[in-house]
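Structure first, commentary second.
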Protein chains: 2
Amino acid sequence: MKQDHDLADQDTREAVTSLAKRRGYLWPSFELYGGMRGFYDYGPMGTALKRNIQGLWLRLWVGEEGMIELDSALVNPRPVFEASGHLAEFEDFLVQCADCNANFRADQLLEGLHPNPDALSEEELAGQLEEHGVTCPECGGPISSPTSFNLMFGTRAGPGEGREAYLRPETAQGIFVNFSHLYRLGRERLPFGVAQLGRGFRNEISPRQGIIRLREFNMAEVEAFFHPQKRQWAGDLRKYADTQLTLVPNEGDEIRVTLGEALEKGIMCNEALAYFVGVTTRFLIGVGVDPERLRYRQHLQTEMAHYASDCWDGEAKLSYGWTELVGIADRGDFDLRRHHEHSGQDLRVFVPFPEPVEMEVERLTPVHKELGPRFRGDAKAVAEALMEADASAVGADGMATIPIPEADGKTRLVQVPPECFKLETVVEKRTGEKVLPHVVEPSFGIDRILWTVLEHSFTQRKGEEGEAMTVLKLPPVVAPVTVGVFPLVSKDGLDAIAEEVDGKLRGVGLRTLYDASGSIGRRYARADEAGVPFCITVDHETKEDESVTVRWRDTQDQERLPISHIVTSVKQLAGLD
Amino acid sequence: MKQDHDLADQDTREAVTSLAKRRGYLWPSFELYGGMRGFYDYGPMGTALKRNIQGLWLRLWVGEEGMIELDSALVNPRPVFEASGHLAEFEDFLVQCADCNANFRADQLLEGLHPNPDALSEEELAGQLEEHGVTCPECGGPISSPTSFNLMFGTRAGPGEGREAYLRPETAQGIFVNFSHLYRLGRERLPFGVAQLGRGFRNEISPRQGIIRLREFNMAEVEAFFHPQKRQWAGDLRKYADTQLTLVPNEGDEIRVTLGEALEKGIMCNEALAYFVGVTTRFLIGVGVDPERLRYRQHLQTEMAHYASDCWDGEAKLSYGWTELVGIADRGDFDLRRHHEHSGQDLRVFVPFPEPVEMEVERLTPVHKELGPRFRGDAKAVAEALMEADASAVGADGMATIPIPEADGKTRLVQVPPECFKLETVVEKRTGEKVLPHVVEPSFGIDRILWTVLEHSFTQRKGEEGEAMTVLKLPPVVAPVTVGVFPLVSKDGLDAIAEEVDGKLRGVGLRTLYDASGSIGRRYARADEAGVPFCITVDHETKEDESVTVRWRDTQDQERLPISHIVTSVKQLAGLD
């Protein structure tokens, strides 16, 4: 969704970009060598802000929801992405100018000319570019036809030619390829969830918009696994039933409802997905996204990624227009099924019925004289596996696909032709069934969220002489510096007391900013611009009654508090208790 | 330094490897697709343990020492590594078997045949391999001559052919290329330090030894910048003067001394490096490295990396033998000088003298009639820059290298031939000087440290029936789970009380393990193996007096404590207050 940006948006963006660079939040990478588009570095303040945002994310998803964590490799071998579909499908369409050789994403050249250019196929893009007579935006030269360009960074692992490998485009595949380990560690029950923080990579054709579209980015992903017929998370939905949401369903108009109403009215159909929208909203507002500039938009069918059956994007209104921060997608069993098939390992899990059920089943009876010559040493294992299987193992071509155990405890899938078994209907008592779990995935773009927090926290107020003073209203829980500590003057022992207060606060892990230079007014102004929620000033009164002045950034209110309780007070004020 | 490993070592290694996999610390990546050597994934417990280790690292280096943090890009363009020397120097020597095509590191084939094979040059390796008649360890076939193999993972960024780029082999270069930003944010004074946590990559020819030698690994690096003549950190050395150390200097025998003695006796000469050895020791012991199995070994001259002038490795005794966990290297001005020269940007900083100094200096006086025709539009800027420069700008070839300002606020280095200026000696009052800071770098391998913590924490005690019970004695500050919560039985309301206690503890961010299955003895045993330092049991007495039993993992002592103070008690016990 693109919008025209008015001048105020551009002003905000420039002011925030400049503040972010000046105060050490973030800046483009490799400026020393002319830069490389799509890469940004986080400075001291940005690193801390990012960690605090990640910290709240972990607290909600891992601490409260009980997801288990994974930290998997960034470099992955080719088979992972053959299975995931990224080798075939993770691509954009590239056009090149015949005159100046500049490269562009074909869909970006159609912005404003087509309502949804990133949903177009290669042929449709070619047709639209020609129809609109699109030329090179740099030099006006003629452009090539679109060609597909895979967005994964490739590399090779190992000596010599090495092995084909790629930088992961998402953290999710690390979770899927480790599913068996994780299911065991999650105590072998559904639903269960896995959370992962980490870098992802996407070799964008034309990165732009600061840290909104990076080639190297920070993600936070949850893969929650469900019984295919029961998309219900373990948490109590009532917890988020009253959460206010702005929703843009793929049919109908934007609507302001509670999460409970959205479910009742069938605007959202998927309980698990709805619950995760609740947690996501709490997280986003907690880190400083303005609730008035947050909405959830349901994907159009044409817009959905290759694996998704339903998807709601959490979007923030930014100077760049409405921007996706989070995608909450129902991936069904797409990923596990692909890895199940590509690896030949059985990724299904056994789910017991509440009580045993008598049912008619079609069993496979092995025909030993056919199995022997065909499978030789494996014949016994195949016969046993056939007896364990049922008719669902038989495909449309009449072949049975069955898992046989390997020496290392794993399994291998074997194709058994129809002459090797008979189908017989028997009545059996079953205690449960094997299913391939389905997945709902909330996937967060941490860089975009951090940018949103900066933009939405950016405010200005008038100073004493009418000048514009910047106040970065970061919530205390994410602010890189929790408290400023200032001696009114650097003499009369006030600096020694201030240093002691500073040391106390640091000692319990609080981030402080000790500042002794310039007038108190200028120090407050610097702290306001850096987003420091509280400042403590040690003055002459301190020497008399051991109290200090605490000043709030957002209200500029001041209060005197005793030094003896200062650590507790600051922690309480900051909600860090 | 390699040692023969006795059987006990191998037993320990196998027991720890198995426990690490079973309990969700770590396992080889991509097992679903047959694995890829040199890559490991961290499971739920491993991710938490790693984060806690990083947490203490940050608390010491950033919290206490006031280093500022950076989080820079993993994918770097070629010029960064041209400057750093990694393109030319970061290599191993590869030999290949002519029969079976297996690849080996040449130096590894000489282990046991030469005292220090990894210090040998290509020619020396070839000579030694031939002299010892080394053949393929896999099949006995003939091996090729050694060829150099660069250890960086290469990739390409951007559309089409893209730009040559590499995965960073260390986090350090991100700090050096951002030096100007960071120096400004560090308030433009020396010494100051920058800390960075993050992934590094090294395309090992032959990874081995579990997570000791990975292709993708987790690092924690500090680059501390000093005045070239003053390698003194801001912290007070007395803080670490009494720290006990085992030192292996590059001349003389292993010695057990305090850090203060090591400095006095001149075993360590570099005060900053010594201070960092103090902080490092506190960190390593804090996370659970056994002080009896920790030593610092000074590098031999031949062993030093291409950038280092002095280096002490912090080594742990492991089942693999003595293994480097930390390298603390004096890199001098190697890196900044290279980037200064390669980028053409002036990376020197101005250091004021305590008071202005009168000194004879050789000034450069511009010869305008030579400058004009040669530099045209730049002539004026060059003339001004010549007047600012002094004789140190003149190289051995008589050419002056001077920075001239550019439109974007940066500078560009220009070569000025000798006929364009005259050298004159004048007496001037100087307020300071421009220097290129020197660097001392403590560089930590987080994966190796984590492995060490697991091995050194691994103990066994006899159970009631004489069976071996594993107890993982992780220090509470790093243990992934701080406290186990058990209802004695899952009835009589004990489970409800236990869940409430569990919720309270989780509510303040503590990691708990709720376990209601099996006998209390078995639950204690499971918690001991998982490294949980404390367990809380809710029993029938709880309903009478609102107290619970707290049990210590290491002593098995038990004590009753009131529920009302349980959060405070656990935090205090765990030292997390």
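All of these numbers come straight from a predicted model, not from anything done at the bench. Every chain is numbered from 1, with letters handed out A, B, ... down the list of sequences.
Side-chain contact between A/R23 and B/L185 is absent, with no heavy-atom pair separated by less than 4.5 Å. Within the 4.5 Å cutoff, no side-chain heavy atoms of A/L197 are placed close to those of B/T47. B/L74 is listed as a side-chain neighbour of A/L74, based on a closest heavy-atom distance under 4.5 Å.
Interface residue A/L70: backbone and side-chain heavy atoms are both found under 4.5 Å from chain B. Using a 4.5 Å cut-off between heavy atoms, A/R215 touches chain B through its side chain atoms alone. At a 4.5 Å heavy-atom cutoff, A/F179 makes no contact with chain B through either its backbone or its side chain. At a 4.5 Å heavy-atom cutoff, the contact between B/E31 and chain A is made by backbone and side-chain atoms alike. Interface remark: A/F217 contributes no atoms to any contact with chain B (heavy atom separation under 4.5 Å). Interface residue B/L94: only side-chain heavy atoms are found under 4.5 Å from chain A. Interface residue A/V62: backbone and side-chain heavy atoms are both found under 4.5 Å from chain B. Using a 4.5 Å cut-off between heavy atoms, A/Q196 does not touch chain B at all. With a threshold of 4.5 angstrom between heavy atoms, A/S343 approaches chain B through its backbone and through its side chain. For A/L214, no part sits under 4.5 Å from any heavy atom of chain B, backbone or side chain. Of the atoms belonging to B/Y514, it is backbone heavy atoms, and not side-chain ones, that fall under 4.5 Å from chain A. In this structure, chain A has a heavy atom under 4.5 Å from the side chain of B/L182, while its backbone stays farther away. Only the side chain of B/L58 comes within contact range of chain A, with at least one heavy atom under 4.5 Å from a heavy atom of that chain.
Interface remark: of the candidates B/G34, B/P79, B/A83, B/P79 forms the most heavy-atom pairs closer than 4.5 Å to chain A. Options A/I68, A/V177, A/V194 differ in how many heavy-atom pairs under 4.5 Å they form with chain B, and the most are formed by A/V177. Looking only at heavy-atom pairs under 4.5 Å with chain B, the residue among A/P77, A/G63, A/G24 that has the most is A/P77. Contact count against chain B (heavy-atom pairs under 4.5 Å) is highest for A/F39 among A/F201, A/Y40, A/F39. For the set A/R511, A/R22, A/Q96, the count of heavy-atom pairs under 4.5 angstrom toward chain B peaks at A/R22. For the set A/S206, A/G509, A/A157, A/A195, the entry with the most heavy-atom pairs within less than 4.5 Å of chain B is A/A157.
Summarising the geometry of A/D71 relative to B/R199, their closest heavy-atom pair is OD1-NH2, 3.2 Å, with the distance given to 0.1 Å. In this structure, B/R184 and A/K21 approach most closely via the heavy-atom pair NH2-O, 3.3 Å. When every heavy atom of A/M36 is checked against every heavy atom of B/N76, the shortest pair comes out as CE-C, 4.1 Å.
With rounding to the nearest 0.5 angstrom, the CZ atom of A/F30 is 8.5 Å from the CG atom of B/N178. In this structure, CD on A/Q173 lies 11.0 Å from CG on B/L32, to the nearest 0.5 angstrom. To the nearest 0.5 Å, atom NZ of residue A/K50 and atom CD of residue B/E69 are 9.0 Å apart. With rounding to the nearest 0.5 angstrom, the CZ atom of B/R37 is 11.0 Å from the CZ atom of A/R163.
Between the A/D41 side chain and the B/A73 main chain, a donor and an acceptor come within less than 3.5 Å of each other. Between the side chain of A/T155 and the backbone N or O of B/F153, no donor-acceptor pair lies under 3.5 Å. In this structure a side-chain-to-backbone donor-acceptor pair under 3.5 Å is present from A/E216 to B/V75. Between the side chain of B/N203 and the backbone N or O of A/G158, at least one donor-acceptor pair lies under 3.5 Å. At distances below 3.5 Å, not a single donor-acceptor pair connects side-chain atoms of B/R506 with backbone N or O atoms of A/G66.
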Chi angles and distances behind the side chain to side chain contact (heavy atoms under 4.5 Å, CB included) call for B/H342, A/Y33: CA-CA 9 Å; B/H342 279 251; A/Y33 293 104; 3.7 Å; yes

Trace of the side chain to side chain contact (heavy atoms under 4.5 Å, CB included) decision for A/L167 with B/L167: CA-CA 10 Å; A/L167 300 187; B/L167 299 187; 3.8 Å; yes

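Ion pair A/R187/B/D515 not flagged as a salt bridge, since none of the NZ, NE, NH1 or NH2 atoms sits closer than 4.0 Å to an Asp/Glu carboxylate oxygen.
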